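Worksheet: the structure to be examined is printed underneath.
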Protein chains: 2
Amino acid sequence: MKVTINDVAKLAGVSMKTVSRVINKEPSVRKKTFDIVMDAVKELNYQPNLAARNLAGTSSFTVGLVYDNPNAYYVIDMQNGVLSRCKEEGYELVIHPCSYTDSQMEEEFITMIKRSRLAGLVLTPPLSEHSKITNLLDELKIHYVRVLSGRPTDDDQDTCIYVNDYKAAYEITTHLLKHGHTNIGFICGDKEHKSTSERLEGYKAALVDFDTPLNAAFLYDGKYSFESGVEGAKALLKDNNELAITAILGGNDEVAAGALFASRLMGIQIPEQLSITGFEDSPFSRQTWPKLTTAHQANDVISQHAARLLFTKTRGARNQDKEIITSFTPSIVIRESSGPKQ
Amino acid sequence: MKVTINDVAKLAGVSMKTVSRVINKEPSVRKKTFDIVMDAVKELNYQPNLAARNLAGTSSFTVGLVYDNPNAYYVIDMQNGVLSRCKEEGYELVIHPCSYTDSQMEEEFITMIKRSRLAGLVLTPPLSEHSKITNLLDELKIHYVRVLSGRPTDDDQDTCIYVNDYKAAYEITTHLLKHGHTNIGFICGDKEHKSTSERLEGYKAALVDFDTPLNAAFLYDGKYSFESGVEGAKALLKDNNELAITAILGGNDEVAAGALFASRLMGIQIPEQLSITGFEDSPFSRQTWPKLTTAHQANDVISQHAARLLFTKTRGARNQDKEIITSFTPSIVIRESSGPKQ
DNA sequence: AGTTAAAATGACAACGCTGTCAATATTCTA
DNA sequence: TAGAATATTGACAGCGTTGTCATTTTAACT
């Protein structure tokens, strides 16, 4: 029942070490030997034991995914992306949700890393933005890849995958401006998230390019939540909409859905009286009524690339054949929640 | 930097085996010895190496969570529940999404199990309902716990955690009947899911108890998706609602949200002209407008218990102190999407 | 062909822990 | 308080792989 590397070695008539070389795709194995071993592996249906590899080897075959994100869709997408890559490469994934406000976080982190001797870590926002964490990892000498909101201007492209929220916001805002909107509200997400400031800057840049003045009253400091969207819309549209706002950018899809909800409560017609847009294109941007105009962000693809980047870092130059993209720009998706100013 | 069991043993002045006994909470360790060792563990901040434990020990410290469920909220809740338990017990979790229609599934399963020598598996619906999988696991002699839709009448309570969807549906239907609704549509979920038939039976039972005839035309064969909810509502309300339906049970919250969406397209007022309800109480049942009446299902608690049950199975009688609940009944949550018949 | 350099392979210990079983310490019995 | 019964501890091998380094084979030269 249980097949070990030794069984394969015997069947192939080589040493265990050679089998090990083959399954790890190490160089200096003759093609012929390689084939013989592979045949034996297949015949016996051999599966290398992960625990033994982790124990004996220099680098382990386990990577971690760390997140502090209440958005289930986001987390699932990230997981699936990393997971699909892991499956291909024979790695294991351990997931580690945590709260960056938690004082025990640091300790927990260290515990996890000590216990499972991770080959590397994928960090997602907002954790990826905290130097407290990256410093800790640097200290522990753990490889990691960060998924970050930002523009690919920095020089640490071998550690980061950027999501260009600036551009996404710029384009969404432009879309609205082209439809004649000038008084555009923005319900910002959590201040602690880099995506919030990136999106805000993109919004501002678009206004500038269209010679449209920015009114500070158009901005609402919120959070990345449905409830915050409700509150934000109420605040922006208060006093019978004296600000004359005709469009609102939600900080993300959830916020936009909240804004939609609030508008409905106030009897406002979407998109006739008010355009609303989101970010991320999560499934429920298609489940609101009307459906949300938003910026599509391919989180599963992004996380796949993050994992790939991590693997190349961990194992040196192997797999360099496939080019790694380290910057992603969400693409705008126009649906029914936005339309011309009337 | 790296602390092994040997270091602890030396500091405590005992053998490695004794330290091992202490960290595994094995019996026959003198209280005094226990304390001495624990002090050493703390002083050195020792963390047992998981790979070594998995390799050397009889049962591993890794459990798996297997799912085939497109519902991100559900998956995340299940994960978090199992994960929280794992953290407490020092186990690792590997997650394994898979498709039960995939022909490679079986092979993948075997590969995963061979590779990581799992202590056990938590199966969630609909995978937990397939004898193909449970048979395979029985064959491989792998412990598992199934989370199932059903009533706790079966005798394999040491392997199953039941979610009483029958009762949930019964109560939701009763709620509607009490509000005077008699023509109640039901947009069923996937036929392959046990929850679909359970919910349907609960619905029927309530009708019987209220002497309300069931019209087969009130039932729509759908899927657990938003789109199916849209289609279902359109079908049930077609021809200007000649069936005179005044309430619709969505197969789950997503379906209900879809029905809500369709109703809106048709210009139907909710809940004045039509009551709509869901199941599960997932976050977006609070993000529709109006908010959904639904049946709250504590998936995180359920999965915690599943994990606990698995651990007691794996390690014999330990932890029996905390009683394990193997049956959960969702509780109805009344919100704005349902109201009296008008 | 005879050297020499380079490539391919193998022997064996080690990774950090637990299982087995033998050794010792403690408690109990008469 | 001796002797048996039991509770507690320890020595050591082994889990299945990989790293190190020695050895053998092949290729590349005169």
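So that the names make sense, note that chain A is the first sequence line, chain B the second, and so on, each numbered from 1. Only a predicted model underlies this, so the values are computations on that prediction, with no experimental measurement involved.
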Side chains of [X] and [Y] only: does a donor on one sit below 3.5 Å from an acceptor on the other?
X        : Y        : result
A/Ser131 : A/Thr134 : no
B/Gln104 : B/Asp102 : no
A/Tyr144 : A/Asp138 : yes

- Item | 5′-ward residue of the pair B/Ala56/B/Ser28 relative to DNA chain D |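 By nearest-heavy-atom nucleotide position, the 5'-most residue is B/Ser28.
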
To the nearest Å, give me how far apart [atom1] ([X]) and [atom2] ([N]) are.
X        : N      : atom1 : atom2 : value
B/Arg21  : C/dT18 : CZ    : P     : 11 Å
B/Arg117 : C/dC17 : CZ    : C1'   : 12 Å
A/Met16  : C/dA8  : CE    : P     : 21 Å
B/Glu26  : C/dC17 : CD    : P     : 14 Å
B/Ile23  : C/dC17 : CD1   : C1'   : 8 Å
B/Asp7   : C/dC15 : CG    : C1'   : 14 Å

- Task: Go through the steps to decide whether A/Glu129 and A/Arg146 satisfy the test salt bridge (Lys or Arg N to Asp or Glu O under 4.0 Å), and finish with yes or no.
- Result: CA-CA 8 Å; A/Glu129 294 154 1; A/Arg146 300 192 281 162; over 6 Å; no

Please tell me if [X] has a side-chain N or O lying less than 4.0 Å from either OP1 or OP2 of [N].
X       : N      : value
B/Arg30 : C/dT26 : yes
B/Asn24 : C/dT18 : yes
B/Ser20 : C/dT18 : yes
A/Thr18 : C/dT9  : no
B/Lys17 : C/dC17 : no

[X] side chain to [Y] main-chain N or O, any donor-acceptor pair under 3.5 Å?
X        : Y        : answer
B/Ser60  : B/Ala119 : yes
B/Asn24  : B/Glu26  : no
B/Lys194 : B/Ser149 : yes

- Give the intermediate values and the outcome of salt bridge (Lys or Arg N to Asp or Glu O under 4.0 Å) for residues A/Lys87 and B/Glu108. CA-CA 10 Å; A/Lys87 200 182 279 180; B/Glu108 247 183 43; 3.4 Å; yes

- Considering only heavy atoms, which members of residues 39-51 of chain B lie under 4.0 Å from some atom of DNA chain D?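 When residues 39-51 of chain B is checked for heavy atoms under 4.0 Å from DNA chain D, there are no hits whatsoever.
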
- Query: Taking the side chain of B/Lys2 as its heavy atoms from C-beta onward, which of C/dC15, C/dG16, C/dA8 lies nearest to it?
  - Reply: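 Out of C/dC15, C/dG16, C/dA8, the nucleotide with an atom closest to B/Lys2's side chain is C/dG16.
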
- Item | A/Leu55 side chain, from C-beta outward: closest of C/dC21, C/dG16, C/dT18 |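 Selected nucleotide (nearest to the side chain): C/dG16.
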
- Where each residue is assigned the nucleotide of DNA chain C containing its nearest heavy atom, which of A/Ala52 and A/Val14 is assigned the position nearer the 5′ end?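 On the 5' side of the pair lies A/Val14.
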
- Quick one: does A/Phe311's side chain get under 4.5 Å of A/Cys86's, heavy atoms only?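 Counting from C-beta outward, A/Phe311 and A/Cys86 do come under 4.5 Å.
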
- Task: Indicate yes or no: at least one non-hydrogen side-chain atom of A/Ser303 is less than 4.5 angstrom from one of A/Asn80.
- Result: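 The answer is no; the side chains never approach within 4.5 Å.
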
- Query: Does A/Tyr67 have its ring centroid less than 6.0 Å away from the ring centroid of A/Tyr74?
  - Reply: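 No, the ring centres sit 6.0 Å or more apart.
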
- How is the base pairing of DNA chain D summarised as a dot-bracket string, given the Watson-Crick and G-U wobble criteria with both distances under 3.5 Å, [ ] for crossing and | for another strand? ||||||||||||||||||||||||||||||

- Query: Checking side-chain contact (heavy atoms from CB on, under 4.5 Å) against A/Tyr46, which of A/Leu11, A/Val41, A/Asp7 comes through?
  - Reply: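 Of A/Leu11, A/Val41, A/Asp7, side-chain contact (heavy atoms from CB on, under 4.5 Å) with A/Tyr46 is met by A/Val41 alone.
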
- Taking heavy atoms of chain A and a 4.0 Å limit, find me the 5'-most and 3'-most nucleotide of DNA chain D within that range.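 Both ends considered, the range comes out as D/dG16 to D/dT26.
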
